[in-house]
Every structure is written in C-alpha cells, then in structure tokens.
Amino acid sequence: MTYKTILTVRSTPDGSTTALDQAETMVRRADGHLDVLCLGVDRTRVGYYDGGANAIAINTMLDRAREEVQATEESTKQYLSGSDVPRSLSTAIAPFGDISRVTSHHARFSDLVVMDLPYGEGQGPEVEPIVEAALFDTRTPVLVMPEGTTLAASPKTVLVAWDESIEALTAVRKALPLLQSADLVRITVIDPPKHGMERSDPGGMLCQMLARHGVACEIDVLSKTLPRISDVLCRHATDTDAELIVMGAYGHSRFRESILGGATRNMLEHAKVPVLMAH
C-alpha cells in the first residue's frame, strides 16, 4: 500500500509551501499523482450589512476572492514549474461557510491530504475547516506539516498515540505505509485504564498487529505528568527524537458539523513535528 493520490489545498498566493513541498516529494517517491486545489474564499458576512450595502459588499468580496484564487493558481504553477511529477491544479471560489463542502468534493478520492499547520503564524481562518472537512467529511487521513519541517521517506522513529479507540486504530491503519518504512515505532500509552480490555498488556495487541506487517515496535507507558495529553505526547516526541506523530482525530458536533475536539486542536497548535491524523 502506498499513497498514490495526494491532495494539498492552498488558499493564499504567498503562504507557506511546506505542505506543497512535502506532497510533491511523497508523490515522486510513490510514482503517484499530485492534486492541488487553489481555493478563493469569499469572506462576506451578509448579516453585518444593511440591505443596500449587501450587494456592494458581496460583489467586492467575490472580486477579491477571484483575484486571490488567480494569484494563488499562478504562484503554484510557477512554484511547480520545475517539477516532473504528474499533477493537476484546480480552482474554486467558496463562501467561508461552504469551505467544507468544496474541500470534501476534492478530497474524497485522495489517499492522503497534506496541509500546513492550521494555527501557524500567518495562517488564515479557512485552513481549519479545510482540515476538518478532510478528516470528518471524507475520512481521508491528513498529514499536517509545521512550517519548515520535512518527513523522510524512512523516518527513524515514529510515535503512535494509542488509547484503544477506533479513531487511533484508524489512524494506525491509514499510516501503515509510513510505519512500515520506519526504523522504530513507539506505541505510546498514557495512563492506561485500570479496568480496560488491555489492562494487563497496554498496547500489546496493536504491537502484535503491526509486527505481522513487519513493523518494529516498542511500547512506552507514560503517566500524565502535564495538564494536557498533547503536551505529554509532544514532550515524548522530543525526548525520543520522533519524526512523526500518528494519532486519531477527535471531534464533536456543532449544528451537525464535526469540528476539532480539544485534544486534537491542542496537538495541532503545539506540534513541532509532522502529525498524521485520521478519524
């Protein structure tokens, strides 16, 4: 199994190219195909204007979104002009509230979505719903890249956050190509439940499953010595020189839309290494 179709979404012409670089590199390694969606966002808030101003405001914002998406497409073409990977660029303009639907339409047939860290410096508010749409609407794994980071073809150490949940298991399965290429996978369990199904051997069954796929594993059982689980995971990743964190993405419903849960959001705010998430 490899990631053959990789999608990245760009919403500004001068934003970070970390995700674009990583997606292009992974496509080349897998002899796959790169899809780039250049998205123009109409940020009109119609309810904030009186009836006479609405049409003017909407037209102004639509013109701005068109100019932005054209500039983003042009900068992306120029950036990839020297690349030899098979690729396609598409453009779309969406109201801010419709970003999820547009992103889902493009992401649903991708093997992997690669995005920049949603909460990095200079990131627009549209990046968060793009990541949410890929995770929750299409159930596509998302590789999130902090600015300036890269992920090697064969990482030495990968940290898997394991809590026995179906989300964590889904993330492991979606990350299997990367886990198989790693020198070592550290299955990290934080404060395992005393009365859980794996109370006598936390992480043991996952370790067995991965070993049958040729993955070298070790199990680390940690205490929650910091206020947030994400803090413990980030510190352990630093202590073990992990190059990638794999974890389940959790959300909750808001008006029937899935949004990032607190633990997931905290990780995406503070991660210093790439994070692969799936739901």
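Residues D116 and R10 are not paired through a salt bridge, judged by the lack of any N-O separation under 4.0 Å between the basic side chain and the carboxylate. Using a 4.0 Å cut-off between charged side-chain N and carboxylate O, E68 and R64 make no salt bridge. Between R186 and D220, at least one side-chain N (NZ, or NE/NH1/NH2) sits under 4.0 Å from a carboxylate O, which counts as a salt bridge.
Inter-residue side-chain proximity for P193 and E164 is flagged as met; some heavy-atom pair is nearer than 4.5 Å. Under the 4.5 Å side-chain criterion, counting only non-hydrogen atoms from C-beta, S181 is in contact with P155. In this structure, the side chains of L268 and M277 come closer than 4.5 Å at one or more pairs of heavy atoms. Looking only at side-chain heavy atoms (C-beta outward), V142 and L276 stay at 4.5 Å or farther from each other. Residues V246 and L159 are not in side-chain contact: their nearest non-hydrogen atoms beyond the backbone lie 4.5 Å or more apart. The shortest distance between side-chain heavy atoms of F96 and P125 falls below 4.5 Å. Side-chain contact between L178 and V158 is absent, with no heavy atoms from C-beta onward closer than 4.5 Å. Looking at heavy atoms from C-beta onward, I6 lies out of side-chain contact with L143 at the 4.5 angstrom threshold.
The hydrophobic clustering, which links ILVMFWY residues whose side-chain heavy atoms are closer than 4.5 Å, places M115 and F109 apart. V189 and M205 fall into different hydrophobic clusters, defined by Ile, Leu, Val, Met, Phe, Trp and Tyr side-chain heavy atoms under 4.5 Å apart, directly or through other members. Put simply, L226 and M267 are part of the same group of oily side chains (I, L, V, M, F, W, Y) that touch within less than 4.5 Å, one to the next.
A donor-acceptor pair is defined here as one N or O able to donate and one able to accept, closer than 3.5 Å; such a pair exists between the side chain of D111 and the backbone of T5. Panel note: side chain K4, backbone H33; no donor-acceptor pair is recorded below 3.5 Å. Remark: the backbone N or O of L80 is not paired with any side-chain donor or acceptor of E24 at under 3.5 angstrom. Judged by distance alone, with hydrogens and angles left aside, the side-chain atoms of H106 form a donor-acceptor pair with the main-chain N or O of V102 at under 3.5 Å. Here the side chain of E243 pairs a donor or acceptor atom with the backbone of K156 at under 3.5 angstrom. Proximity of a side-chain donor or acceptor of H279 to a complementary backbone N or O of A249 within less than 3.5 Å is detected. Side-chain atoms of T103 do not come within 3.5 Å of backbone N or O of S100 as any donor-acceptor pair. Formation of a donor-acceptor pair under 3.5 Å by the T17 side chain with backbone atoms of L20 is not found in this model. A side-chain donor-acceptor contact under 3.5 Å links T140 to the backbone of A107. Judged by distance alone, the side chain of R87 and the main-chain N or O of S83 form a donor-acceptor pair under 3.5 Å.
We find the OG-CG distance between S154 and D183 to be 7.0 Å, quoted to the nearest 0.5 Å. One finds the CG atom of L206 at 8.0 Å from the CD1 atom of I219 (value rounded to the nearest 0.5 Å). Put simply, CG on N266 and CG on D231 are 7.0 Å apart, with the number rounded to the nearest 0.5 Å. Rounding to the nearest 0.5 Å gives a distance of 9.0 Å between CD1 of I93 and CG of L39. Rounding to the nearest 0.5 Å gives a distance of 9.0 Å between CG of D137 and CD of E132. Note that CD1 of I229 and OG1 of T264 are 12.0 Å apart. Values are rounded to the nearest 0.5 Å.
Smallest separation of non-hydrogen atoms from A271 and P146: O-CG, 3.6 Å. Considering all non-hydrogen atoms of both residues, C217 and L184 come closest at C-CD1, 4.0 Å. Minimum interatomic distance between P141 and L112 (heavy atoms only, all atoms of both residues): O-CD1, 3.6 Å. The shortest heavy-atom contact between D163 and A168 is OD1-CB, 3.4 Å. Nearest heavy-atom pair across P192 and V221 is CD-CG1, 3.8 Å. Shortest non-hydrogen contact noted between A175 and Y3 is CA-OH, 3.4 Å.
Looking only at atom types and distance, the side chain of T157 has no donor-acceptor partner in the side chain of D241 under 3.5 Å away. In this model, a donor atom of one side chain and an acceptor atom of the other lie less than 3.5 Å apart for T18 and S16. When only modelled atom types and interatomic distance are considered, T225 and R235 share a side-chain donor-acceptor pair under 3.5 Å.
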Does the pair T91 and E73 meet the rule for a side chain to side chain donor-acceptor pair (under 3.5 Å), with working shown? CA-CA 7 Å; T91 62; E73 181 185 26; 5.1 Å; no

Run the numbers on V273 and T149 for side-chain contact (heavy atoms from CB on, under 4.5 Å), then give the verdict. CA-CA 7 Å; V273 298; T149 61; 5.9 Å; no

Check step by step if side chain to side chain donor-acceptor pair (under 3.5 Å) holds for S165 and Y250. CA-CA 10 Å; S165 68; Y250 304 88; 2.8 Å; yes

Test I190 against L233 for side-chain contact (heavy atoms from CB on, under 4.5 Å), laying out the working first. CA-CA 9 Å; I190 300 173; L233 291 172; 3.8 Å; yes

Before you tell me yes or no, could you show the steps for E167 and M247 under side-chain contact (heavy atoms from CB on, under 4.5 Å), namely the whole-Å CA-CA distance, both residues' side-chain angles and the distance that decides it to 0.1 Å? CA-CA 8 Å; E167 289 87 356; M247 64 180 291; over 6 Å; no

side-chain contact (heavy atoms from CB on, under 4.5 Å) assessment of T170 paired with V172: CA-CA 5 Å; T170 299; V172 168; over 6 Å; no

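Residue E147 qualifies as open at atom CD: its count of foreign heavy atoms under 6.0 Å is 12 or below. Taking a 6.0 Å sphere around CZ of R108, one finds it holds 12 or fewer heavy atoms contributed by other residues, nucleotides or ligands.
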